[in-house]
Amino acid sequence: MKDQVSAAGSIPRRSRRQRKRSNLTAFSEPPGSSHYRRNGPCSTSSSKGVPNTGPIFSHQILVNGGQNVNPVETKVDLPNGYPPHNLRSWQEARMRKAEEADLSDTVLPDPASLPGLDSASLRLRKLLNNLKRGSEIPTDALRHNLEYAISVMEMNILKNTGSDVTASDDEMPTNLSPVPPEIKSWLVQTFSNSKIGTHSKKGKDRRSLRSVVHVVRASLFVDRMIRKSPSDRNNDIPPQVQMHLKNLDKWTFDIFELEEISNGNSLKYVFYQLLVKFELMKKFKISVSTLLAYCDKLQRGYNKHNNRYHNPIHAADVAQTLNILLMKSGFVNWFSDLEIFSMIMAAIIHDVEHTGTTNNFHINTRSPLAQLYNDKSVLENHHISTAFRMLNEGEGCDILRNFSSEDYQECRALMVEMVLATDMNQHFGQIKRMNQALKKPENLEKSKAMCLMIHTADINHPTKPWPLHYKWTERLVVEFFEQGDKERELQLQLSPLCDRNSTMVAQSQISFIDYVIKPTFNVLFDLFTKVNGREMRDVIVSMNQQNKEETQNSSGSTANDVLKRRFCDVTSVSSTFENAEQVMGILNENKDTCFLCMDHNLKQWTKKNEIEIANMFLGDDAFTEAAAIVPDPLPAAIYDPPPQNGTNKGNENLPKSNTTTKRTLDSPKKSGPS
Ligand SMILES: Nc1ncnc2c1ncn2[C@@H]1O[C@@H]2COP(=O)(O)O[C@H]2[C@H]1O
Ligand SMILES: [Zn+2]
């Protein structure tokens, strides 16, 4: 019973009487309903473009799956009503058709497509007929056709088992069958760049950057990871804020509380604190007044549309999470100061002037921004462009003013790359490519690791303690529903998850965690583990050497060249990873906390999902009712992780930074909804 309901995904609200009269199956979407029309065959398929049931000789399949397909071979002549009553006559027709197959033909349909399946079966039939007749079959043709048939079968095995290995560049996971249609279409529309009914471009925009990494400076290693925040010596920060900022390196850091006690200035304090902590103000000669002026602009930009979710608190949260990822992975040692600065900047500015609506909304409403950016990563282009415009607007807010032109170019190129990679339609591709790169460490590109860290920080809240995650989700849902209201007003089709009358919030969160969050954090922790591990060490050292030699011979000043040089710029190289064990201890501790929270959150959503389903029949507002459930207590280990390898001990005894600040940060302006 539950399955039938959840398979419906999005359920129009009905009156109590209507609900009583209808049975559950009435909610399932028939072919031809809005889901099908909107999403094409993907939304109901167990694998890409291949529906589970029903006639499959549609034009769509041929267009979608049959690139370079000979039109004769694309016709799949299943008889009406197949199977079983006229199976024999159909097979006889196949026999005749098989005779027409040319075994020497080398241009064959995509083995993953239906025409491929058709062609392989005809070829096998023809081979068998020839064998039966004793006709000679050239060895080449025999081998070639058998190989083709095998590859067709293997592609079908992969499809049917939902394995994430495909011949195309499409990044969607293939095992979405348990996901309700509306949520499936949301996942497809939002997190992959595969447009329904079209092929994603292959090999598009692949940077030819050599992968690589700095070698760790061992003496700095753990020191940098557990460097104490200087807030306790900063008299210009209100004491309450200072106290709170002491927890900046904790997974359980409460950004909403900071927002409250800082009078709406969480973005400013987090930004400032991170720059001070990593000694970047000093390094890049950024004055406090310039930083404050820029922060004010950013905060105003974030508050322009009064968004419940995409506001300065979200930016502060992403920057704080990035800080944990840097600190707890040892990557803080792997990146140069400029790279760390670029990452913090990217996190801070990544959603500035967000309109509270999605890219698809911009595209569908043909908004000025969509026209300006030609429907490509509309918002992300706007964020990055706005952040640089604000820097250049004068009024003493250009924090990059004292950068050398090389540093400026490098920082800008990195920021652009990272912010564009927060476009969620890059998500599945990004995860897939990182997984592939991790199998071949020499292909690992440092900037891709940075992009993944920012992207992960951007979607971090399902891995935070329930009260935080729940607040974030509530805010996001409010924003989505407001978009839905606008769409209704404009008589547009409502985007997935945007219909306040039917969206199943808990179910969407379960799918989001299962299909988006878990794979993301898994690949991120894999990256951390691999780079810190012995396996990568040799690759890092040898590539570093190679890069060094290349640098000496290189010249040129394009942004790409600058990026290239960036990887080679290692002066003090030590290949000793003597603190590796300690680093891994810290890393694993945080990974445990992250997954503990995620599992706990999943459990809470599962409970709420049951209520949501019940509410569809009782007629109450699902989200509010579900919200009333008392959550399970958080596992104690989330707040008090058991020490591993004595890693936590060092926190108390670290050398203090000398950095001080002259200006007050405490401007009482309220800068965002909370
Ligand atoms: N809990 C969630 N459920 C659904 N979508 C989410 C959730 N958290 C983040 N997102 C989406 O992920 C996106 C990441 O980039 P943005 O911050 O621009 O906008 C975010 C939301 O659209
Ligand atoms: Zn964001």
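Atoms within a ligand are numbered from 1 in the order they appear, just like the ligands themselves. Computed from a predicted model, the values in this text were never measured in an experiment.
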TODO: Would you check if the Zn ion (ligand 2) lies under 2.8 Å from any N, O or S atom of H354?
DONE: no

- [ ] Mind checking whether Y309 contacts ligand 1 via backbone (N, CA, C, O), side chain (CB onward), both or neither, at a 4.0 Å heavy-atom cut-off?
- [x] side chain

Task: Opening angle between NE2 in H350 and OD2 in D351, taken at the Zn ion (ligand 2), to 10 degrees - done: 80°

Task: Which segment of D351 sits under 4.0 Å of ligand 1 when only heavy atoms are counted - done: side chain

Task: Atom name in D458, limited to N/O/S, at shortest distance from the Zn ion (ligand 2) - done: OD1

Task: Atoms of ligand 1, numbered as shown, that sit under 4.0 Å from any heavy atom of H461 - done: 1 (N), 7 (C), 8 (N), 9 (C)

Task: Aromatic ring proximity, centroids under 6.0 angstrom, W605 and F512 - done: no

Task: Element-labelled atoms of ligand 1 that are located less than 4.0 Å from some non-hydrogen atom of I459 - done: 12 (O), 14 (C)

- [ ] May I ask you to check whether H305 and H354 place their ring centres under 6.0 Å from each other?
- [x] no

TODO: State yes or no: are the ring centers of Y309 and H314 separated by less than 6.0 Å?
DONE: yes

Task: Subset of ligand 1 atoms that lie under 4.0 Å from at least one heavy atom of H314 - done: 17 (O)

- [ ] In sequence, state the C-alpha distance, the side-chain angles, and the governing distance for H461 and H469, and then conclude on ring pair (Phe, Tyr, Trp, His ring centres under 6.0 Å).
- [x] CA-CA 5 Å; H461 65 89; H469 169 49; 5.1 Å; yes

- [ ] Tell me which part of L476 gets within contact of ligand 1: side chain, backbone, both or neither, using heavy atoms under 4.0 Å.
- [x] side chain

Open item on the list: Distance under 4.0 Å to a non-hydrogen atom of D458: what atoms of ligand 1 satisfy this?
Closed with: 14 (C), 15 (O), 16 (P), 17 (O)

Open item on the list: Would H310 count as being in polar contact with ligand 1, using the rule that some N or O on each side must be under 3.5 angstrom apart?
Closed with: yes

TODO: Please collect all salt bridge (Lys or Arg N to Asp or Glu O under 4.0 Å) contacts where either partner lies in residues 506-516, sequence neighbours excluded, each pair once.
DONE: D514-K518

Open item on the list: Can you tell me if, anywhere in H310, an N/O/S atom lies at a distance from the Zn ion (ligand 2) that is smaller than 2.8 Å?
Closed with: no

